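In what follows, a single structure is set out as structure tokens and then discussed.
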There are 2 protein chains.
Amino acid sequence: MKWVNLMTNRVRRTMPLLPISIVMQLTELTARQIRYYEEHDLISPARTEGNKRMFSLNDVDTLLEIKDYLDQGLNIAGIKKIYDLRETPENEKAEPKNLSDAELRRLLHEELKHQARPLERGGFRQSDLSRFFN
Amino acid sequence: MKWVNLMTNRVRRTMPLLPISIVMQLTELTARQIRYYEEHDLISPARTEGNKRMFSLNDVDTLLEIKDYLDQGLNIAGIKKIYDLRETPENEKAEPKNLSDAELRRLLHEELKHQARPLERGGFRQSDLSRFFN
DNA sequence: AAATGAATGTTATGTTTTCTGACATAAAAA
DNA sequence: TTTTTATGTCAGAAAACATAACATTCATTT
């Protein structure tokens with residue numbers, strides 16, 4: 001019974017546990033979309049010996065983020081830029097940070113300039129996840 | 001980012017998420033063993049439309065329990081009895097409980113009578129799960 | 001208006017994974 | 001000794017997933 005708590009509370013979010021079919025359900029993305037995002041280095045799911053993708057909970061979170069960013073009108077390049085900035089090690093952050101932040105602001109501004117945020121987006125919303133919980 | 005916490009902390013433990021290959025890794029059981037335990041109604045993993053087994057974290061926990069019970073010298077029948085008693089609704093517990101508990105005690109006593117508990121069992125131990133965490 | 005590019009859909013074909021069922025086996029129980 | 005239990009192993013079929021190519025939609029650019 002101890003295992004229960006261990007598994008649900010402490011299991012590493014980076015453990016590759018989920019096949020693509022489950023991730024599709026959890027994120028409401030198509031396999032095509034998920035593979036496309038991987039192709040553009042937004043995610044890097046693990047692979048089995050037989051080359052099948054296995055996703056971690058972190059991967060699922062990232063995919064939900066990507067979906068949200070896309071709904072907000074960002075494109076893949078913009079999302080990737082954000083992730084690249086995020087993954088920049090702390091020591092390197094000090095100097096190039098301001099530069100990159102300015103760049104990011106410009107980029108986001110550019111993105112949103114001519115795009116009215118579609119409020120009627122049929123996309124994902126927090127409450128949509130409710131069917132996975134109780 | 002909110003999703004992260006939702007996914008890791010609140011995701012239903014009964015959600016069928018894991019394919020058998022992953023469960024094999026998590027439990028160090030063979031597919032044969034897992035299917036055998038299902039055949040004897042110790043677990044009831046969900047099925048995909050295509051009839052593939054999909055396991056919940058609860059299923060994993062149960063399998064780890066089963067492994068532990070087996071290591072302790074119980075047999076499948078004994079483990080099943082324990083689970084049947086557990087799953088007995090509360091209202092029905094009052095009367096038959098004592099009877100069944102007595103039966104259980106007798107059963108366990110029977111089981112262990114001629115079996116020296118193998119302390120050197122090469123089996124599962126809590127620390128064995130450590131490689132899944134950090 | 002036409003061409004381009006980004007994001008996704010669709011289809012084809014091959015490989016991996018999982019399924020059930022049958023038979024084999026070692027150890028324990030009867 | 002014979003039976004039963006728990007598990008191993010193998011075969012054949014089906015599901016799930018892989019990559020790759022081509023199609024489509026829509027926004028941007030020329």
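These numbers come from a predicted model, not from an experiment. Naming: A, B, ... by sequence-line order, numbering from 1 per chain. Quick note: numbers below take in every heavy atom, side chains included, and nothing from hydrogens, waters or symmetry partners.
- Rounded to the nearest 0.5 Å, atoms CD (Q25(B)) and CG (L18(B)) are 10.5 Å apart.
- Atoms CD1 (I22(A)) and P (dA16(D)) sit 11 Å apart, rounded to a whole Å.
- When side chains are defined from C-beta on, I76(B) counts as touching L42(B), because their heavy atoms get closer than 4.5 Å.
- OP1 or OP2 of dA6(D) has at least one side-chain nitrogen or oxygen of Y36(B) nearer than 4.0 Å.
- R53(A) comes within 4.0 angstrom of the backbone, heavy atoms only, and of no base.
- Of the options I22(B), T62(B), L64(B), a side-chain contact (heavy atoms from CB on, under 4.5 Å) to T27(B) is made by L64(B) and by none of the others.
- Taking every side-chain heavy atom of I20(A) into account, dC17(D) is the closest of dG8(D), dG9(C), dC17(D).
- With the nearest nucleotide of DNA chain D identified for both G50(B) and H40(B), H40(B) has the one nearer the 5' end.
- Comparing atom distances between the Q33(A) side chain and each of dT7(D), dG9(C), dA14(D) picks out dG9(C) as nearest.
- The side chain of N51(A) approaches dT19(D) more closely than any other nucleotide in the set dG9(C), dT19(D), dT18(C).
- Distances shorter than 4.0 Å separate none of the side-chain N or O atoms of T48(A) from OP1 or OP2 on dT16(C).
- Between the CZ atom of R47(B) and the C1' atom of dT18(C) there is a distance of 10 Å, rounded to whole Å.
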(request) For F55(A) and I34(A), run side-chain contact (heavy atoms from CB on, under 4.5 Å): C-alpha distance rounded to whole Å, both residues' side-chain angles, the deciding distance at 0.1 Å, then the answer. (result) CA-CA 11 Å; F55(A) 298 78; I34(A) 295 170; 3.7 Å; yes
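- One interatomic measurement links the two molecules: CG of N75(A) to C1' of dT4(C), which rounds to 15 Å at whole-angstrom precision.
- Between the P atom of dA7(C) and the CG atom of L74(A) lies a distance of 11 Å, rounded to the nearest Å.
- In this entry the distance linking CD of E39(B) with P of dT7(D) reads 12 Å, nearest Å.
- OP1 and OP2 of dC23(C) both lie 4.0 Å or more from every side-chain N or O belonging to R32(B).
- Regarding K52(A), its NZ atom lies at a distance of 4 Å from the C1' atom of dC17(D), rounded to whole Å.
- Using a 4.0 Å cut-off between charged nitrogen and carboxylate oxygen, D71(A) and K67(A) do not count as a salt-bridge pair.
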